[in-house]
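Okay, so here's the structure we're looking at.
Excluded from the calculations below are hydrogen atoms, water molecules and symmetry mates; all remaining heavy atoms, backbone and side chain alike, are included. In this chain, residues are counted from 1 in sequence order.
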Amino acid sequence: VTKGSLTGPFNYQYIPSARGARWTVAKVAMLNGDDAPDIVAASDKVPDIDFFGDLAAGGAEATIPTDGPVKFLDVADFDGDVVSDVVFGETHAGTNVIDVAYAYGRAFGPPETPVVVGRISGVTAISPFGKAPADAAIFTQENPGPGETLPATALALLLGSGDRQPLAP
């Protein structure tokens with residue numbers, strides 16, 4: 001993302017990451033406490049999350065490392081420190097297993113190194129909800145049981161926590 005030749009508040013242009021894959025998920029949020037919009041974006045083809053911070057002042061780039069491609073990505077304040085955090089699901093090659101991880105926001109810098117908080121299969125969505133510290137809903141789809149014809153949707157919750165230890169109810 002760089003200053004572009006467009007006019008108005010959206011005067012930025014997309015420049016593909018060095019990894020050469022197009023983003024498949026992206027969010028714009030206040031991620032480092034500086035009151036300027038930031039972007040996190042990732043691809044479901046290659047590992048890592050691109051972070052573009054302080055766009056109003058010309059931008060700063062960083063990489064949030066992941067162990068696999070990122071399929072799900074969202075932002076909210078999960079630890080209640082008034083700085084938004086990143087929650088994401090990274091895939092494992094050849095499986096439907098997702099590692100759910102948080103990269104906690106850091107004032108005036110890129111988010112911290114991610115922490116994996118769980119591993120779950122069949123994930124269809126990860127969605128934050130509620131006020132800070134926000135909670136995360138993880139939706140999964142399960143195969144039909146004996147005598148059933150339709151798959152079931154299951155829900156797992158991770159409750160936000162000021163000590164950065166998400167809790168399962």
Side-chain angles (χ1 to χ4, degrees), residues 1 14-32 37-53 55 61-106 109-144 150-169:
V1 175
Y14 167 74
I15 295 178
S17 76
R19 294 182 309 281
R22 292 204 176 270
W23 296 332
T24 53
V25 290
K27 294 291 178 176
V28 177
M30 306 298 196
L31 290 167
N32 58 9
D38 307 305
I39 297 174
V40 285
S43 171
D44 63 2
K45 305 288 185 232
V46 296
D48 298 337
I49 299 171
D50 294 318
F51 169 81
F52 300 95
L55 296 178
E61 295 182 31
T63 298
I64 301 169
T66 67
D67 291 328
V70 174
K71 187 170 181 179
F72 306 100
L73 177 93
D74 217 321
V75 296
D77 183 3
F78 295 102
D79 58 4
D81 66 356
V82 194
V83 177
S84 291
D85 311 304
V86 180
V87 62
F88 62 93
E90 58 188 345
T91 61
H92 291 270
T95 72
N96 71 344
V97 174
I98 298 286
D99 280 350
V100 178
Y102 290 101
Y104 290 102
R106 179 174 27 198
E112 295 179 4
T113 301
V115 176
V116 174
V117 297
R119 180 173 285 173
I120 191 166
S121 62
V123 174
T124 58
I126 299 174
S127 180
F129 67 96
K131 295 181 180 179
D135 304 320
I138 303 165
F139 296 90
T140 64
Q141 188 170 56
E142 299 176 354
N143 291 328
L150 297 174
T153 297
L155 169 67
L157 297 176
L158 288 175
L159 304 179
S161 171
D163 63 1
R164 295 186 171 184
Q165 298 292 321
L167 306 170

Atom [atom1] of [X] and atom [atom2] of [Y]: how far apart are they, to the nearest 0.5 Å?
X      : Y      : atom1 : atom2 : answer
Asp77  : Met30  : CG    : CE    : 13.5 Å
Thr91  : Asp67  : OG1   : CG    : 10.5 Å
Asn32  : Asp38  : CG    : CG    : 4.0 Å
Lys71  : His92  : NZ    : NE2   : 12.5 Å
Ile138 : Thr124 : CD1   : OG1   : 10.5 Å
Ile64  : Leu31  : CD1   : CG    : 7.5 Å

For residues [X] and [Y], report the shortest heavy-atom separation together with the two atoms involved.
X      : Y      : result
Arg106 : Pro111 : NH2-O, 3.4 Å
Ala29  : Val75  : CB-CG2, 3.5 Å
Ser127 : Phe139 : CB-CE1, 4.4 Å
Gly109 : Phe51  : O-CZ, 4.2 Å
Asp85  : Gly105 : OD1-N, 2.6 Å
Pro133 : Gly80  : CB-N, 3.7 Å

Spell out, as yes or no, whether a donor-acceptor pair under 3.5 Å connects the side chain of [X] to the backbone of [Y].
X     : Y     : result
Asp44 : Val70 : no
Thr66 : Gly68 : yes
Ser43 : Arg22 : yes

Non-hydrogen side-chain atoms of [X] and [Y] separated by less than 4.5 Å:
X      : Y      : answer
Asp50  : Glu61  : no
Val86  : Lys27  : no
Val97  : Ser121 : yes
Pro166 : Phe78  : no
Pro65  : Asp48  : yes
Leu158 : Tyr102 : yes

Checklist line | Within 6.0 Å of CG in Asp163, more than 12 heavy atoms from elsewhere | finding: yes
Next item on the list: State which residue, out of Val115, Asp79, Val117, fulfils the side-chain contact (heavy atoms from CB on, under 4.5 Å) condition with Arg164.
Entry: Asp79
